[in-house]
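One structure below.
Quick note: residue numbers are just sequence positions, from 1.
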Amino acid sequence: MREKIKKIEKEIEGLSAKSIEELEQLRIKYLSKKGLLSGLFEDFKNVTQEERKDIGKLLNELKNSLQDKINNLKQKFDDLQDSGKSDIDLTLPADFIETGSRHPISIIRAKIIEIYSRIGFTVSEGPEIEDDWHNFSALNFPEEHPARDMQDTFFIRKNPDIALRTHTSSVQIRVMENEKPPIRKLFPGRVYRNEAISSRAHCFFHQVEGLYIDKDVSFADLKQVLLYFSKEMFGEKTKIRLRPSYFPFTEPSAEMDISCFLCGGKGCPFCKHTGWVEILGCGMVDPSVLENCKIDSKVYSGYAFGMGIERITNLKYEVKDIRMFSENDIRFLKQFGSVI
Ligand SMILES: [Zn+2]
C-alpha cells in the first residue's frame with residue numbers, strides 16, 4: 001500500500017498535459033470514481049488497525065496533491081485562453097471577407113418574378129423529369145411533332161415515354177389539374193433540349209412561363225400585362241408588338257417583340273436594324289388544353305406566355321455567348337457582384 005502511494009506521488013511530479021483533452025484523461029485516470037485514487041481508498045478498507053492512521057494520512061496527502069496538480073495544470077490552460085482573449089486588438093482593420101455574387105440568371109429570374117408578383121402572380125414549380133402526358137399530350141402536341149423526336153428531346157425511357165422536360169409548360173398542366181380557377185401563376189425552371197451547344201443554343205436553359213385562367217380573360221388582358229412587364233424590365237419608353245405565330249397549346253398565338261432599348265427603335269446593329277427585339281411567345285390557352293385539365297372551357301378562358309431567362313439576361317447585360325452562363329468563369333460572374 002505504502003509503495004503504491006509512493007509510486008503515484010512520484011508520478012504526480014512529472015505530470016503534464018499538452019491539451020485540455022489530455023488533462024481530462026489524467027483527471028479520469030487518477031481522480032474519477034474508477035480512478036487510481038478510488039482504488040487506493042478501496043484497498044484502505046483492508047489496512048490493519050495499527051497502520052490505519054499513518055496510511056490514512058498518506059492517502060489524504062496524496063489526494064490533495066493530486067487535486068492541486070490537476071488544478072494547477074487546468075489553471076495554465078485557462079490563463080492561456082484568457083491571454084488569447086486580451087490579444088484582440090479592436091482597432092486593427094478587419095480581415096477581408098470575400099463575398100460571392102448572385103448568378104446573372106438568378107438575378108433576372110428574381111426580377112421577372114418580382115415584376116409579376118406585383119400584379120398577383122405566385123410561383124409554382126414542378127419536376128424536371130416528366131411523363132409524356134404533362135410534357136406533350138395534354139399540351140396538344142401531335143404524334144408527329146418534332147419535339148417528340150429523339151433528336152430534339154432527351155428521353156429517359158420510351159413506352160411509356162419519360163423525358164427531361166422541354167419547357168415549363170408541364171407545370172402549367174400540373175397546376176391546372178390540381179387547382180380551381182382563378183389561377184394566376186408563374187413557372188420558373190430549368191428545361192432541356194437535345195441541341196448542339198453554341199453561342200446561341202445550349203442543351204439546358206431556363207424559362208419563366210406565366211398562366212392566368214379566370215372568367216372573361218381576353219387577349220387585351222394579355223397584351224396589357226406584357227406591356228406592363230416590358231416597361232418594368234426594359235424601361236418606361238419600351239413599346240411592344242405582337243406577331244402572329246403558332247404553338248400547339250395556344251390559340252391564337254403570338255411572338256412578342258420589344259422596341260430596341262439601345263436605339264429606341266431607330267435601328268442599330270444590335271436589333272439588326274429592325275428596331276425590334278424578340279423576347280417571348282404567348283397566346284390564349286387552347287380550349288382543348290383546358291378540357292384536358294378538366295377545366296370547363298365554356299366558362300373559363302386564359303392566357304399563357306413564356307420566355308427564356310437566358311434571352312432576357314442576354315438583352316439586359318448584353319451577354320453575347322450563352323455558354324458563359326454555365327462555365328463558372330469567375331471573371332465573368334464577379335461582374336455581377338454589385339447587382340442586388
Ligand atoms: Zn436597335
For the pair [X] and [Y], find out whether any cationic side-chain nitrogen is under 4.0 Å from an anionic carboxylate oxygen.
{"X": "E278", "Y": "R311", "answer": "no"}
{"X": "R109", "Y": "E125", "answer": "yes"}
{"X": "R148", "Y": "D161", "answer": "no"}
{"X": "E24", "Y": "R27", "answer": "yes"}
{"X": "K45", "Y": "E42", "answer": "yes"}
{"X": "K7", "Y": "E11", "answer": "yes"}
{"X": "D214", "Y": "R184", "answer": "no"}

Exercise for the section: Evaluate whether atom NZ of K34 has more than 12 neighbouring non-hydrogen atoms of other residues, nucleotides or ligands under 6.0 angstrom away. Expected result: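 Incorrect, the count does not exceed 12.
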
Practice task
For D216, look at atom CG and say whether over 12 heavy atoms of other residues, nucleotides or ligands are found less than 6.0 Å away.
Solution key: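 Not more than 12 within 6.0 Å, no.
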
Handout entry: Residue pairs fulfilling ring pair (Phe, Tyr, Trp, His ring centres under 6.0 Å) with at least one residue in residues 226-245, sequence neighbours excluded
Key =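 For residues 226-245: Y116-F229, F234-F261.
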
Problem - Side-chain hydrophobic cluster, 4.5 Å single linkage: members besides I129 - result: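 Besides I129, the cluster holds F154, I156, I162, L164, Y192, F204.
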
Handout entry: Hydrophobic cluster partners of F205 (side-chain heavy atoms under 4.5 Å)
Key =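 Besides F205, the hydrophobic cluster comprises V191, listed by chain and residue number.
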
Reported [atom1]-to-[atom2] distance for the pair [X] and [Y], which is rounded to 0.5 angstrom:
{"X": "L226", "Y": "M256", "atom1": "CG", "atom2": "CE", "value": "5.0 Å"}
{"X": "N178", "Y": "I173", "atom1": "CG", "atom2": "CD1", "value": "11.0 Å"}
{"X": "K76", "Y": "N71", "atom1": "NZ", "atom2": "CG", "value": "13.0 Å"}
{"X": "M176", "Y": "S124", "atom1": "CE", "atom2": "OG", "value": "11.5 Å"}

Problem - Within the 6.0 Å centroid threshold, strictly below: H167 and F141 - result: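 Ring centroids of H167 and F141 are less than 6.0 Å from each other.
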
Practice task
Treat each ILVMFWY residue as a node, draw an edge where side-chain heavy atoms are under 4.5 Å apart, and state whether I197 and I105 are in one component.
Solution key: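 I197 and I105: separate clusters.
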
